[in-house]
Amino acid sequence: MGIHFLSTIGTVCTALPELPCLTSGNVSLNTPVGNCIDHYGHIWLADTAHNRLLIFDKEMAHLLAVFGSTGDGEQQFNMPFRLLAHPEQNWMYVSDIGNTRIHILEYDQALSITSVKRFGNETDVALKGPNGLAFWQGELCVADEFYEGPGGASRLVIFSEDGEYRRSLHAVETENGPIHFLWPQGLSRDEQGSLYVANTGFATVVRCDWHGQGIPFPANGKCYLDGLELARDVSVTQNRILIPGAKNSAISVYDMAGHYQGDLDGFFSPIQVTAVPDTHRMLITEPILATLQMHEIDLSRVRDGNVASTRVLSSVGDERDNPGQFHFITAVAGALDAAVKAVVPSPFVALFERWFAHQLSLQETWIKAVQPTAMPAWWNLAVTTQLEWVQRWQQTWLRVMLNDKFDDPKDVLWMVDAGNFQLQASENGKQDASLPVSLPLMPGSLGIAAYKPMQPLPGQLDPRVPMIVVSNYLSGIITVFQYDNRLGELVPYTNFGGMGREPWQFNKPQGLAIDPVSNDIFIADSGNNRIARWRLSASGVAGLVEVFGELGQGNGQFHTPTDITACEQGRLYVTDQNNNRIQIFDNGMKWVHSFGQPGYSIDSDHFLLPTSIDYDNQHLFVSDLVNRAIKVFDLNGNIVDSFSSFGADASKGQLWMPYLLHANNNHIYLPDCALNRINVYRFEHHEQEGTR
């Protein structure tokens, strides 16, 4: 009985040449988060999903040192998250979130690094999710993101500089009552020592002293800044408060009194901002883009609510486009043949592909060489995206020329490799055995489902191979692809939808499902808080059947439905994410039942942002995001089994940001968009055990 981790799909590229080495062409990052600058001007980076620290020179042109490996030992990490340099000593603090502890590392100018102490996971302290770090007058503050106190509140934990526990802050005290923490992530402080907390669960930035007394902002009279889309981090620099994510794809700027000044644009999903001392430069990590960037801007010029662009001086992080490598993998569909196949490329194809990869590298180097030395952030992002798009096209036509395609495409796994703007597929599910199988996709492709028409459709090229339906989160367009055996590619067959709130439009669509009774296509229209039902006619034309649902907490209402699945009887099951529940509907779209309630738990129907659901063999499989759990239920919502493990250890099936899962033939395929891999599990229930 149980869920057993089997393997991963997705190539890992961590090999490095002899150090020091040039950064460009040698460093592939995997969701980097923390960054900082040591006393000698070296730049440190937490290559989080690779479980290591990288140290660069001042200009990030050379990689000087690497420290750490995967594990829970003295010089090991499981998701090193945030970095903070001690203001006087040659110490580096590292929050090791997967191991629920903090490291103190000692370094010298030659970057000889040793472990001084590890603390915070002792029984009497028991950190649950150490994230942001701040230091003031001999004390270290740690944001304990996943701590669950009364009412589910999180906490801040104060240690001495050498890791001795001092006290915990469970709330900020104000004249109007306490303000609690929920999933606090980033921390910062100003020159007076006041703490700034990115209180991510409430989308606020809170200001207090080191004993939890609130310090109001004159701009609003409150000790927090609100009205933010998200607070992924906070940084006090150049006498300004920077909040990454407060507006979409931007960093919002406030003065120290809490007055909104404007936004820095040209980002994708920035996290940690670190000031370069005595300059207008800043280090900024972009985890989803897998880069560390150095920007320059005088923040005093950001005012009157204007949008300003920084200048990108340099960037670290090679493209994640090596063979078999993923970049923001989001969804899986299809099935593998029971007989595992061996994929053996011809020596000529392998040799030619290596030559072609070298040509792409030269092309990228040339593009970067002719760029201005300091590009606006939005321009840098646009050029990078354009380069990736062009290279996808070049690689596609290379595969066509080499006739590089699957022998039997009807039994493969289809995967949305969103960051590389492509679909990939695998015949055998092995770690490095996935191949690109589509022309370049629009940015924002997300969900996927395999669709088999009841009868061949007009213009359908190969009825043996399922059509592939893909949702696009950014455009609201749903595209139906079909397999072209001549090209060895998925090519568009039809599309429908578009961004908007009309019944036939979508707003941030995510998960997809095919009704086994009617063969209709169901789409989780997340931004419109509803479910859409579409049908392909016998002539191949997509038509809207109905939409149901609206924003709310009642029966049949939704708050961000993210995924949907259906059983053989036509019942629908929807992850109602922000209501922390699963809703069940009959085949007439009438509400039947709901199960689930908010809360931390790995083995019950307590959910925290359930993201995905799928049906297989009389069971429901749910991906519970914050609990980092796969939960198995019967069709009435009774818990059957679960698996949970938070971290980045590929040998243990651990999870960080799992997205849209897929269950088929008692196997679970769960893509993790932050770890850039797909975890494969097997579910064994009582009937199976009895027959073994």
Side-chain angles (χ1 to χ4, degrees), residues 14 16 18-20 27 29-57 63-135 138-145 157-166 187 272 274 285 292 646-652 654 656:
T14 57
L16 295 167
E18 183 179 354
L19 301 181
V27 178
L29 303 176
N30 200 359
T31 314
V33 176
N35 67 77
C36 72
I37 300 170
D38 69 20
H39 292 161
Y40 302 103
H42 302 133
I43 294 172
W44 292 54
L45 175 67
D47 190 8
T48 304
H50 281 154
N51 296 314
R52 64 184 182 181
L53 307 181
L54 304 178
I55 301 96
F56 303 92
D57 61 16
L63 176 63
L64 304 178
V66 178
F67 182 85
S69 60
T70 301
D72 57 7
E74 184 178 78
Q75 301 181 32
Q76 295 182 315
F77 302 104
N78 191 350
M79 295 176 60
F81 224 67
R82 303 282 184 163
L83 302 175
L84 180 69
H86 189 288
E88 288 91 28
Q89 302 190 63
N90 286 352
W91 283 3
M92 187 66 64
Y93 295 102
V94 185
S95 57
D96 186 8
I97 193 169
N99 285 324
T100 62
R101 64 186 183 182
I102 305 295
H103 290 247
I104 301 177
L105 304 178
E106 189 168 31
Y107 61 91
D108 59 21
Q109 190 167 7
L111 290 175
S112 174
I113 303 170
T114 57
S115 177
V116 174
K117 189 175 183 179
R118 297 165 309 287
F119 62 92
N121 55 356
E122 303 86 359
T123 304
D124 59 338
V125 180
L127 294 174
K128 299 299 183 184
N131 196 326
L133 304 169
F135 191 93
E139 290 189 327
L140 177 73
C141 183
V142 178
D144 196 6
E145 181 178 3
V157 183
I158 311 296
F159 297 90
S160 69
E161 64 181 356
D162 57 359
E164 295 300 319
Y165 173 75
R166 293 279 176 85
L187 295 178
Q272 185 162 338
T274 299
T285 42
L292 168 66
F646 176 54
D649 189 336
S651 68
K652 298 179 180 179
Q654 294 185 326
W656 180 3

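Since the model is a prediction, treat every value here as computed from it, not as a measurement.
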Asks: Is E145 paired with K128 through a side-chain N to carboxylate O contact shorter than 4.0 Å?
Replies: no
Asks: Would you say the side chain of I113 lies within less than 4.5 Å of the side chain of I55, judging by non-hydrogen atoms?
Replies: yes
Asks: Would you please indicate if the ring centroids of F135 and W91 are separated by under 6.0 Å?
Replies: no
Asks: Backbone N or O of L292 within a donor-acceptor pair of the T285 side chain at under 3.5 Å?
Replies: no
Asks: Give a yes-or-no answer on whether the side chains of T100 and N121 include a donor-acceptor pair shorter than 3.5 Å.
Replies: no
Asks: Just so I know, are the side chains of F77 and L53 near enough to count as touching, which here means a heavy-atom distance under 4.5 Å?
Replies: yes
Asks: Answer yes or no: is there a side-chain heavy-atom contact under 4.5 Å between V27 and L54?
Replies: yes
Asks: Salt-bridge test for K117 and E74: reply yes if a basic N is under 4.0 Å from a carboxylate O, no otherwise.
Replies: no
Asks: Main chain of Q272, side chain of N35: is a donor-acceptor contact present, judged purely on distance under 3.5 Å?
Replies: yes
Asks: For the side chain of N51 and the backbone of A648, is there at least one donor-acceptor N/O pair under 3.5 Å apart?
Replies: yes
Asks: Could you state the interatomic distance from CG (L63) to CD1 (I43), rounded to the nearest 0.5 Å?
Replies: 11.5 Å
Asks: With a 4.5 Å cut-off on side-chain heavy atoms, are M79 and W656 touching?
Replies: yes
Asks: Is it the case that N90 and Q109 place a side-chain donor and acceptor less than 3.5 Å from each other?
Replies: no
Asks: Would you say V94 and L133 make side-chain contact, with heavy atoms under 4.5 Å?
Replies: no
Asks: Which heavy-atom pair separates T123 from A126 by the least distance, and what is that distance?
Replies: O-CB, 3.8 Å
Asks: Is it true that a side-chain atom of T48 and a backbone atom of A46 form a donor plus acceptor pair closer than 3.5 Å?
Replies: yes
Asks: Within the side chain of Y40, is there an N or O that forms a donor-acceptor pair under 3.5 Å with the backbone of L111?
Replies: no
Asks: Say you draw a straight line from CE of M92 to CD1 of I37; how long is it, rounded to the nearest 0.5 Å?
Replies: 9.5 Å
Asks: Between the main-chain N or O of I104 and the side-chain N or O of H86, is there a donor-acceptor pair closer than 3.5 Å?
Replies: no
Asks: Looking at W44 versus Y107, is the centre-to-centre ring distance below 6.0 Å?
Replies: yes
Asks: Output the distance between atom CD1 (I102) and atom CG (L140), rounded to the nearest 0.5 Å.
Replies: 6.5 Å
Asks: Taking atom OG1 of T70 and atom CG of N78, what is their separation to the nearest 0.5 Å?
Replies: 7.0 Å
Asks: Hey, could you give me the SG/OH distance between C141 and Y93, rounded to the nearest 0.5 Å?
Replies: 12.5 Å
Asks: Does any part of the side chain of L64, heavy atoms only, come nearer than 4.5 Å to the side chain of P20, both counted from C-beta?
Replies: yes
Asks: Among Q76, H103, Q75, which residue meets the side-chain contact (heavy atoms from CB on, under 4.5 Å) test with R118?
Replies: H103
Asks: Considering non-hydrogen atoms only, spot the tightest contact between D144 and P130 and give its length.
Replies: OD1-N, 3.9 Å
Asks: Between the main-chain N or O of L29 and the side-chain N or O of D47, is there a donor-acceptor pair closer than 3.5 Å?
Replies: no
Asks: Within this structure, what is the OG-CG distance for the pair S95 and L83, rounded to the nearest 0.5 Å?
Replies: 7.0 Å
Asks: Indicate yes or no: at least one non-hydrogen side-chain atom of E122 is less than 4.5 angstrom from one of L127.
Replies: no
Asks: Does the side chain of R52 reach to within under 4.5 Å of the side chain of L16, using non-hydrogen atoms?
Replies: yes
Asks: With sequence neighbours left out, write down each residue that passes salt bridge (Lys or Arg N to Asp or Glu O under 4.0 Å) with D649, or none if nothing qualifies.
Replies: K652
Asks: Tell me if a side-chain donor or acceptor on E139 pairs with a main-chain N or O of F159 at a distance below 3.5 Å.
Replies: no
Asks: Output every pair passing salt bridge (charged side-chain N to carboxylate O under 4.0 Å, His left out) with a member in residues 82-108, not counting sequence neighbours, ordered by first then second residue.
Replies: R82-D233, D96-R101
